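Report on the structure given below.
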Number of protein chains: 2
Amino acid sequence: MSKATLAAIAAVSAGAGAAATVAMYSMRPSDAKKDVPTTTTTTTVSTTTKPSAPVPASQVFMQTSTPTPPTTPSIPGTALSTLNAPVNPAGLFEYGFPGPVNDLATRQALISSFDRRLRNPQWVVEHITPQSLSQRDGDRKNSAFLEDAQVPEKFRAKLKDYFRSGYDRGHQVPAADCKWSQTAMDETFYLTNMCPQVGEGFNRDYWAHFEDFCRRLTTRYPSVRIVTGPLYLPKRDPADNKWYVKYEVIGNPPNVAVPTHFYKVIFAEDGSVGGNVALGAFVLPNAPIPNDKPLGDFEVPVEAVERASGLEFATKLPVQRRKRLCAETSCSIVVKEYADRQKAFAKGPSRSNSN
Amino acid sequence: MSKATLAAIAAVSAGAGAAATVAMYSMRPSDAKKDVPTTTTTTTVSTTTKPSAPVPASQVFMQTSTPTPPTTPSIPGTALSTLNAPVNPAGLFEYGFPGPVNDLATRQALISSFDRRLRNPQWVVEHITPQSLSQRDGDRKNSAFLEDAQVPEKFRAKLKDYFRSGYDRGHQVPAADCKWSQTAMDETFYLTNMCPQVGEGFNRDYWAHFEDFCRRLTTRYPSVRIVTGPLYLPKRDPADNKWYVKYEVIGNPPNVAVPTHFYKVIFAEDGSVGGNVALGAFVLPNAPIPNDKPLGDFEVPVEAVERASGLEFATKLPVQRRKRLCAETSCSIVVKEYADRQKAFAKGPSRSNSN
């Protein structure tokens with residue numbers, strides 16, 4: 001796969017998605033072998049070339065509630081005197097570790113990781129099965145959008161940020177995937193599971209059909225896991241031929257970033273222990289998309305989502321267990337008839353709204 | 001302090017910095033009391049209102065090298081059967097935890113945290129003292145810019161990204177602060193200590209004078225700690241009155257974000273154990289700044305940097321120990337005579353360059 005994939009994704013517009021029939025797995029073997037950190041900690045311990053780091057980060061940041069060793073900032077140099085260093089940069093952490101902290105929220109039906117700078121989740125993971133989708137105990141009419149008090153106030157996305165912004169409060173894990181319990185459904189309404197999404201033509205249309213595609217996968221696969229999240233991709237300005245990331249920030253003062261794109265990485269499991277996993281990665285622009293646009297146009301290599309998001313997916317999944325989802329099954333949306341959609345809209349509140 | 005501060009900073013241009021004579025400490029008491037996570041982990045444990053999270057994140061993500069508990073994805077529901085949940089979203093982590101991982105690097109003279117998505121550090125901390133600055137064993141002529149092999153290849157900033165980009169490889173911790181050892185100085189040349197900075201009028205001029213200001217603080221304070229890093233701030237588009245973040249991404253394919261602004265949070269210690277700490281926070285645009293622009297124009301409340309960066313500073317520093325740096329000392333740059341600067345430039349390589 002060419003390294004220009006990220007650029008290619010960025011260039012995806014609603015009208016003309018880049019065809020992404022790429023050799024998805026050719027790059028995975030070397031990837032899987034890489035010894036990359038995949039823990040929740042921010043500490044990385046690795047060998048550097050030259051010059052070397054005299055104090056491993058792991059010694060400085062113990063995984064305790066007090067991450068910094070006591071230092072005596074008033075007597076500079078003593079802490080590291082054995083190294084003959086006249087300074088002790090780690091002493092700063094006595095005043096608190098800067099972070100970033102990625103607020104994890106574990107709900108019944110989802111787990112989310114929150115980006116305090118952009119006030120959006122980085123990813124939200126969910127799990128659906130034929131059984132979970134067949135249970136119908138929750139109704140979105142009983143659910144209300146909620147600010148997430150787990151996030152410190154100054155980093156929190158607020159209901160008022162979305163109000164009159166022109167964007168939907170777009171679920172990352174769809175409410176419709178969590179009908180098996182009212183509580184599970186209610187929990188999808190936290191703003192930590194939400195991003196500003198274009199409503200007409202996207203959240204209420206193509207993106208909804210895409211979510212429906214994911215649910216329909218359970219007719220073939222007994223267990224489907226999905227990671228969903230926002231992206232902020234560059235595009236080339238024809239005026240100067242340079243690449244720029246540009247996104248709106250809603251709220252007054254500006255608070256919540258409006259992603260340029262959204263990704264889903266889908267893990268469709270075959271139901272056997274250590275069995276095969278069909279992987280599919282998709283990147284869609286946060287913009288109206290015509291219903292006749294093939295879903296396959298938005299398929300990308302998993303690594304493209306990794307490069308764009310700074311995250312890693314499936315690093316522990318052996319290559320021999322991986323299949324390509326869109327080779328095993330038809331990756332296409334089913335658009336409900338206009339009349340049916342109108343009926344569905346008339347019955348209850350719209351799937352998400354900007355108020 | 002008004003919440004519009006972030007917007008105000010964003011509006012700062014080189015020509016007209018927002019005056020930031022704000023009541024810096026009026027907001028700290030409530031802040032200091034807040035029980036916010038300040039560890040390096042991404043786990044947050046807190047009480048939610050309604051609905052509640054049945055599985056605390058801390059139980060799911062233990063701080064070990066294998067952050068995810070074994071699950072049996074082939075038999076969905078069994079893992080959480082006691083909760084009557086038909087799904088187990090945490091089972092995804094069997095394939096690897098998505099991150100984000102913030103690569104920490106601990107060097108002799110600095111500690112940096114790296115943003116894998118933007119390919120820039122989030123922050124770099126350093127420590128300077130009269131003693132450390134008086135030692136002169138390092139010379140930048142012997143140092144070379146280095147890619148940081150600690151960062152996985154696909155997330156790494158590359159030398160070729162900067163090549164002919166038009167931007168300097170701008171040190172966050174200045175090489176000149178680490179003359180006490182050649183190794184310490186060499187280590188400031190890792191790209192994990194670097195961001196794309198405008199050269200003329202900024203990195204080689206006003207920003208350099210600002211770094212000099214920090215060093216001069218050691219004539220009054222026996223120990224000075226500095227956190228430096230990039231920001232990506234929105235500004236209002238007069239055309240539609242909306243706020244947008246826009247930044248260039250250099251490299252081909254595009255790889256490293258060009259920050260719109262840079263911050264420094266300065267902790268000037270009085271030299272006694274548990275003594276006073278004079279705090280100063282500054283946000284400067286990544287743009288040419290006239291030398292006659294007062295440094296005080298770029299002073300902002302610490303909280304403004306926190307909101308803009310998603311980070312937190314000094315959460316563990318009691319309010320009664322805090323002083324305001326620019327109230328205790330004159331916050332102003334000293335511009336070297338043009339001839340002297342020319343001489344300095346002629347003597348050695350420029351402080352940073354884009355090749």
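Heavy-atom basis, side chains included; hydrogens, waters and symmetry copies ignored. Residue numbers begin at 1 in each chain, while the letters A, B, ... track the order of the sequences. Just so it is clear, the model here is predicted, and its values are computed rather than measured.
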Option in B:A184, B:C178, B:A109, B:G229 with maximal non-hydrogen atom pairs under 4.5 Å from chain A: B:A109

Part of B:V265 lying under 4.5 Å from any heavy atom of chain A: neither

Any donor-acceptor N/O pair, A:H127 side chain to B:N88 backbone, under 3.5 Å: yes

Side-chain ion pair, B:E94 and A:K316, N-O less than 4.0 Å: no

Pairwise distance CH2(A:W123) to CZ(B:F97) - rounded to 0.5 angstrom: 4.0 Å

Toward chain A, the part of B:I250 with a non-hydrogen atom under 4.5 Å: neither

Which atoms of A:V173 approach chain B - backbone, side chain, both or neither, heavy atom under 4.5 Å: neither

Atom group of B:E126 that falls short of 4.5 Å from chain A, counting heavy atoms: backbone

Region of A:Y232 in contact with chain B, defined by heavy-atom distances below 4.5 Å: both

Distance in Å, B:L92 CG paired with A:L110 CG, rounded so as to fall on 0.5 Å steps: 12.0 Å

Distance-only donor-acceptor check, side chains A:E269 and B:Y95, under 3.5 Å: yes

A:G251 backbone acceptor or donor facing B:W243 side chain under 3.5 Å: no

Proximity breakdown for A:L118 and chain B, heavy-atom pairs closer than 4.5 Å: side chain

Worked check of side chain to side chain contact (heavy atoms under 4.5 Å, CB included) between A:R307 and B:R117: CA-CA 7 Å; A:R307 286 182 184 274; B:R117 192 172 67 80; over 6 Å; no

Side chain / backbone / both / neither for B:S181 at chain A, heavy atoms under 4.5 Å: neither

Interface moiety of B:Y247 toward chain A, non-hydrogen atoms closer than 4.5 Å: both

